Amino acid sequence: MKSKDTGKLGFGTKAIHAGQSPEPRTGAVMVPIFQTSTFAQESPGKHTGYEYARTDNPTRTAYQECVASLENGKYALAFASGLATTDTLLHTLKSGDHVICADDVYGGTFRLFDKVLSRFNLEFTFMDLSDPHAVEKAIKPSTKMLWIESPTNPTLKIFDIAALTKLARSKSVLSVVDNTFMSSYFQKPLDLGADVVIHSITKYMNGHSDVVGGVLITNDTAIYEQAKFLQNAVGAIPAPMDCFLVMRGLKTLHVRMKQHQENAIAVAQFLSKHPKIEKVLYPGLESHPQHALAKKQMSGYGGMISFYVKGGLVEARAVLEKVRIFTLAESLGGVESLIEHPAIMTHASVPPENRKKLGISDNLIRISVGIEDASDLIADLNQAIG
Ligand SMILES: *Cc1c(COP(=O)(O)O)cnc(C)c1O
């Protein structure tokens, strides 16, 4: 089904059908893995629309159409990783341009901006995006992009996407939202005014911890054309097999997200009442500082929880070593529950003074609540916390 024909359909129907129709020659119901690097031409320049697989591949086309539809966007482009997506998008800028970025951004995004792209004379300001007036003051004539991530990682701060994208638009600054934590199911940044949405598809969108990938989605034809040119010119494309696997993962996104959330609410409530837990960060809890904003701009609260244990590294390490169902590993968004220590693991590349400012202390633990039985997850945490 062409993604442009899926506009009025429900999310689950789009997840299963958008961009996908039986293969015309054999009737294969699943889009084949077109494992080919090149395509035969009838006469020089006369081809089926596919000529070389870096430029386009039918498996990737189907996947891109499906994601575009889920995010309420016209266009999607897939890449070999979330960071390859970000890097390609930043190639639309030129030397001397300025980018404003959330200070609590994904560690790898910070590293790419601060350690790699800054060497090409792109200028970055990392700041708290909670106050749109402060962001407005930071915008200068050279500011070309506003990079938003909400909720943030690992402290799950929520930024007002509608207010920030409106401000960006009024100043002709391109707004980008990293929607990895909520997935297309719980948050629709394009509907909230964003110019571009990106995902690390590695997380909830694929959902099975077996693919690394990324995607960008936009409604803007000019941005799409620039990014499409760069996708081919820079070349960080996903392999056909990975495109197939992500499409399979997307078919259950709505079912998985509902269960992630149901389990996360149960786990967050359990942790909130536990005497050895100092504080729980989950947007779905009324105690979350931006709970009202979360309720307004998201249709759910997702499956990510961060919490502070009473004590320090010793106490946190004990929990991380004792879990049996939760796996101690980086990453998130898979069907299996994961647990990790941001200061030592995912956010080690964030300088210690920034970690301190952001609340990434040694007693902070982050969990990605999977879709196992909630009672088993709670029992596991209970024995590990002791
Ligand atoms: C993992 C992640 C990324 C980077 O994606 P990769 O697929 O690992 O390259 C970007 N943003 C967020 C929020 C992430 O969690």
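First listed ligand is number 1; within each ligand, the first listed atom is number 1. Each residue takes its place number in the sequence, starting with 1. Keep in mind that what you see is a predicted model, and the values were worked out from it rather than measured.
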For ligand 1, what N or O to protein N or O distances fall under 3.5 Å?
| unit_1 | atom_1 | unit_2 | atom_2 | d |
| --- | --- | --- | --- | --- |
| ligand 1 | 5 (O) | Ser200 | OG | 3.0 |
| ligand 1 | 7 (O) | Gly82 | N | 2.9 |
| ligand 1 | 7 (O) | Ser200 | OG | 2.8 |
| ligand 1 | 7 (O) | Thr202 | OG1 | 2.7 |
| ligand 1 | 9 (O) | Gly82 | N | 3.0 |
| ligand 1 | 9 (O) | Leu83 | N | 2.9 |
| ligand 1 | 11 (N) | Asp178 | OD2 | 2.7 |
| ligand 1 | 15 (O) | Lys203 | NZ | 2.8 |

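Ring centroid separation for the pair Phe124 and Trp147 does not come in under the 6.0 Å cut-off.
Here the straight-line distance linking atom OG of Ser184 with atom CG of Leu190 works out to 9.0 Å at 0.5 Å rounding.
A cation-pi geometry, defined here as NZ or CZ lying under 6.0 Å from the six-membered ring centre and within 45° of its normal, does not hold between Lys258 and Phe11.
When each of Val309, Ile305, Ile277, Leu271 is tested with Ile365 by the rule side-chain contact (heavy atoms from CB on, under 4.5 Å), just one qualifies, namely Val309.
Remark: Phe120 engages no residue in a ring-ring contact (aromatic ring centres under 6.0 Å, His included) (not counting sequence neighbours).
Ionic pairing of Lys228 and Asp56 is present here: one or more N-O contacts between side-chain nitrogen and carboxylate oxygen are shorter than 4.0 angstrom.
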